[in-house]
**Q** 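Have a look at this one before I ask anything.
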Amino acid sequence: MYLVLLGPPGAGKGTQAVKLAERLSITHVASGDLFRENIGRGTPLGRRAKAYVDQGALVPDDLTVAMVMERLHQPDCRDGALLDGFPRTMAQAQALDQELVGDGKRLAGVLYIKAPDQVLLTRLAGRLTCSNCQATYHQTFHPPRVAGRCDRCGGRVYQREDDTWETARRRLQVYFSQTMPLIEYYRHAGLLVEVNGDQGAESVQEELVVKVNALEAAPFSEAQDA
Ligand code: ADP
Ligand code: AMP
């Protein structure tokens, strides 16, 4: 099953994706994590992406699409993947469609997690990320059990450079101008499923599970056939 998690930065995509991918036994593919790994390792891709990521801008489509497609061609994505943070532009969405169709596959649904802007900014400005496994925490809503250390792997927990108020605000603007058009694109394709992200993380997960189960049970829609 191939699913996309769509939504503004801070909506809770990464938080939800880890658990949902585990439940569905599919691979979690987060474009932001892939960029941060490449930046951390100092790869040529990481060096090209760094300035965009630091400024809260989108990395150009050609680099992003090539990176995500390469990841999707790995064996652990053969039977499905939960895409988080990709696609973020129309060009990326079209590239994904083409790639899946070319491989005889299709998207089962696009889970659109929504939350008010003020909630997003508060979440982003308080987010803490593990430098080792990329698990996320929040200074107030979900602090690590031991300050500064990841509950999962013991790695160092830090504040991402792009999680300052100023850069978070810029990332929201980028989302409004470049990513929001995807909502209508996927609605038109009969794939969009809306989820309320402005509730406790466990409630969001429950809503997601119910809606994914409904997708699995639903017959292929006419809009998708078109
Ligand atoms: P995204 O991947 O959409 O950018 P994250 O999953 O990283 O968002 O969540 C952003 C921040 O908000 C993190 O610090 C996370 O711990 C916190 N968070 C996520 N979901 C919730 C929620 N439902 N309620 C409160 N805080 C949340
Ligand atoms: P995220 O971890 O999803 O918040 O992404 C962090 C940063 O990585 C973004 O602000 C962008 O600079 C870059 N990035 C992640 N995914 C994409 C994408 N699909 N297209 C372009 N840039 C991306």
Side-chain angles (χ1 to χ4, degrees), residues 4-21 28-40 45-46 48-69 71-72 82-96 111-116 118-130 134-144 150-152 157-164 167-175 177-179 182 195-208:
V4 166
L5 269 179
L6 182 68
K13 299 182 297 298
T15 303
Q16 298 302 327
V18 172
K19 295 191 183 108
L20 189 62
H28 173 206
V29 174
S31 45
D33 288 354
L34 294 174
F35 281 127
R36 281 184 291 280
E37 278 161 24
N38 276 281
I39 292 169
L45 170 65
R48 290 179 72 185
K50 188 175 184 328
Y52 298 99
V53 174
D54 285 350
Q55 286 164 26
L58 292 185
V59 179
D61 286 332
D62 55 342
L63 290 182
T64 306
V65 168
M67 174 185 76
V68 174
M69 293 315 156
R71 181 70 191 85
L72 283 179
L82 179 57
L83 287 161
D84 160 10
F86 179 92
R88 260 171 152 106
T89 64
M90 285 298 289
Q92 293 177 16
Q94 283 158 357
L96 177 65
L111 308 163
Y112 167 39
I113 306 185
K114 298 200 286 192
Q118 197 49 46
V119 169
L120 301 171
L121 285 169
T122 309
R123 287 185 186 172
L124 290 171
R127 175 161 60 188
L128 300 168
T129 303
C130 174
Q134 312 258 6
T136 52
Y137 300 89
H138 191 279
Q139 281 162 1
T140 313
F141 308 133
H142 178 211
C150 177
D151 294 355
R152 212 158 71 178
V157 163
Y158 74 111
Q159 183 180 39
R160 281 169 43 180
E161 269 182 47
D162 58 343
D163 278 344
T164 58
T167 312
R169 244 188 246 117
R170 194 169 318 132
R171 286 162 61 210
L172 270 186
Q173 291 302 329
V174 168
Y175 170 80
S177 62
Q178 302 197 52
T179 308
L182 298 189
V195 175
N196 175 16
D198 188 17
Q199 51 183 338
E202 270 139 43
S203 305
V204 180
Q205 181 74 196
E206 276 168 36
E207 192 176 329
L208 279 166

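Order of appearance sets the numbers: ligands from 1, and atoms from 1 within every ligand. Computation of the quantities below employed the complete heavy-atom set of this structure, encompassing side-chain atoms and omitting hydrogens, waters and symmetry-equivalent molecules. We number each residue from 1, following the sequence as shown.
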**Q** For a quick test of reading the model, state the closest non-hydrogen atom pair linking Lys13 to Pro8 and the distance between them.
**A** NZ-O, 3.0 Å
**Q** Minimum heavy-atom separation for Ser31 to Arg88, with atom names?
**A** OG-NH1, 4.1 Å
**Q** For atom 11 (C) of ligand 2, which candidate among Gly32, Ser31, Ala57 holds the nearest heavy atom?
**A** Ala57
**Q** Heavy-atom contact check, 4.0 Å cutoff: does Arg36 meet ligand 2?
**A** yes
**Q** With heavy atoms only and a cut-off of under 4.0 Å, state how Gln16 meets ligand 1: side chain, backbone, both or neither.
**A** neither
**Q** Provide the number and element of each atom of ligand 1 under 4.0 Å from a heavy atom of Pro9.
**A** 4 (O)
**Q** Give the residue and atom name of whichever protein heavy atom lies nearest to atom 13 (C) of ligand 2, and the separation in Å to one decimal.
**A** Phe35 CD1, 3.7 Å
**Q** I need the contact type for Pro8 against ligand 1. Using non-hydrogen atoms and a strict under-4.0 Å cut-off, is it side chain, backbone, both or neither?
**A** backbone
**Q** Would you check if the side chain of Gln178 reaches a backbone N or O of Gln173 as a donor-acceptor pair within less than 3.5 Å?
**A** no
**Q** For Gln92, run the side chain to side chain contact (heavy atoms under 4.5 Å, CB included) check against Val68, Leu182, Thr64, Leu83 and tell me which one passes.
**A** Thr64
**Q** Given side chains that start at C-beta, do those of Val4 and Tyr112 come closer than 4.5 Å, heavy atoms only?
**A** no
**Q** Atom 14 (O) of ligand 1: which protein heavy atom is closest, and how many Å away?
**A** Tyr137 O, 2.7 Å
**Q** Taking the side chain as C-beta and beyond, is there a heavy-atom pair between Tyr158 and Leu128 under 4.5 Å?
**A** no
**Q** Thr179 versus Leu6: any side-chain heavy-atom pair under 4.5 Å?
**A** yes
**Q** Considering heavy atoms of the protein only, find what lies nearest to atom 8 (O) of ligand 1 and give residue, atom and distance to 0.1 Å.
**A** Gly12 N, 3.2 Å
**Q** Find all atoms of ligand 1 within a distance of less than 4.0 Å from any non-hydrogen atom belonging to Ala201, and give their numbers and elements.
**A** 22 (C), 23 (N)
**Q** Grab the two heavy atoms, one from Met69 and one from Leu96, that are nearest each other, plus how far apart they are.
**A** CE-CA, 3.8 Å
**Q** Looking only at protein heavy atoms, which one is nearest to atom 4 (O) of ligand 1, and what is the separation?
**A** Gly10 N, 2.8 Å
**Q** So which heavy atom in the protein is nearest atom 10 (O) of ligand 2, and how far is it from that ligand atom?
**A** Arg171 NE, 3.8 Å
**Q** Relative to atom 6 (O) of ligand 1, which among Asp33, Val18, Thr15, Leu5 owns the nearest non-hydrogen atom?
**A** Thr15
**Q** Please examine the side chains of Leu120 and Pro9, heavy atoms only from C-beta on, and report whether any two atoms are closer than 4.5 Å.
**A** no
**Q** So which heavy atom in the protein is nearest atom 7 (O) of ligand 1, and how far is it from that ligand atom?
**A** Arg127 NH1, 2.6 Å
**Q** Where is the tightest heavy-atom contact between Asp54 and Thr167, given as atom of each residue plus distance?
**A** O-CG2, 3.7 Å
**Q** For atom 7 (C) of ligand 2, what's the nearest protein heavy atom and its distance?
**A** Val53 CG1, 4.0 Å
**Q** Closest heavy-atom contact between Ile113 and Gly197?
**A** CG2-CA, 3.6 Å
**Q** What I'd like to find out is whether the side chain of Asp198 reaches to under 4.5 Å of the side chain of Lys114, using heavy atoms alone.
**A** no
**Q** Under a 4.0 angstrom heavy-atom cut-off, which atoms of ligand 1 come close to Lys13?
**A** 1 (P), 2 (O), 3 (O), 4 (O), 6 (O), 8 (O)
**Q** Are any of the N or O atoms of Asp33 closer than 3.5 Å to those of ligand 2?
**A** no
**Q** When you measure from atom 27 (C) of ligand 1 to every protein heavy atom, which one gives the shortest distance, and what is it?
**A** Arg123 NE, 3.6 Å
**Q** Distance to 0.1 Å, residue and atom name: give those for the protein heavy atom nearest to atom 9 (C) of ligand 2.
**A** Arg88 NH2, 3.9 Å
**Q** Pick, from Gln92, Met67, Gln55, the option with the minimum heavy-atom distance to atom 20 (N) of ligand 2.
**A** Gln92
**Q** Taking only heavy atoms of His138, which atoms of ligand 1 are found under 4.0 Å from at least one of them?
**A** 14 (O), 16 (O)
**Q** Quick check: does Gly85 get an N/O under 3.5 Å from an N/O on ligand 2?
**A** yes
**Q** Please list, in number order, the atoms of ligand 1 under 4.0 Å from a heavy atom of Gly200.
**A** 23 (N)
**Q** What residue and atom, counting heavy atoms only, is the protein's closest point to atom 22 (N) of ligand 2, and at what distance?
**A** Val59 N, 3.0 Å
**Q** Compare every heavy atom of Leu58 with every heavy atom of Thr89, then report the nearest pair and how far apart it is.
**A** CG2-CD1, 3.6 Å
**Q** Report the nearest protein non-hydrogen atom to atom 2 (O) of ligand 1: residue, atom name, distance rounded to 0.1 Å.
**A** Gly14 N, 2.9 Å
**Q** Against heavy atoms of Thr64, which atoms of ligand 2 measure under 4.0 Å?
**A** 18 (C), 19 (N), 20 (N), 21 (C)
**Q** Would you say Leu128 has any N or O atom under 3.5 Å from an N or O of ligand 1, going by distance alone?
**A** no
**Q** Would you confirm whether Arg170, through its side chain, and Gln55, through its main-chain N or O, come within 3.5 Å as a donor-acceptor pair?
**A** yes
**Q** Between Asp163 and Arg171, does a salt bridge (Lys or Arg N to Asp or Glu O under 4.0 Å) hold up when you go through it step by step?
**A** CA-CA 9 Å; Asp163 278 344; Arg171 286 162 61 210; 2.9 Å; yes
**Q** Between Thr140 and Thr122, is any pair of side-chain heavy atoms under 4.5 Å apart?
**A** no
**Q** If you have a sec, work out which protein heavy atom is nearest atom 23 (N) of ligand 1 and how many Å separate them, to one decimal?
**A** Gln199 O, 2.8 Å
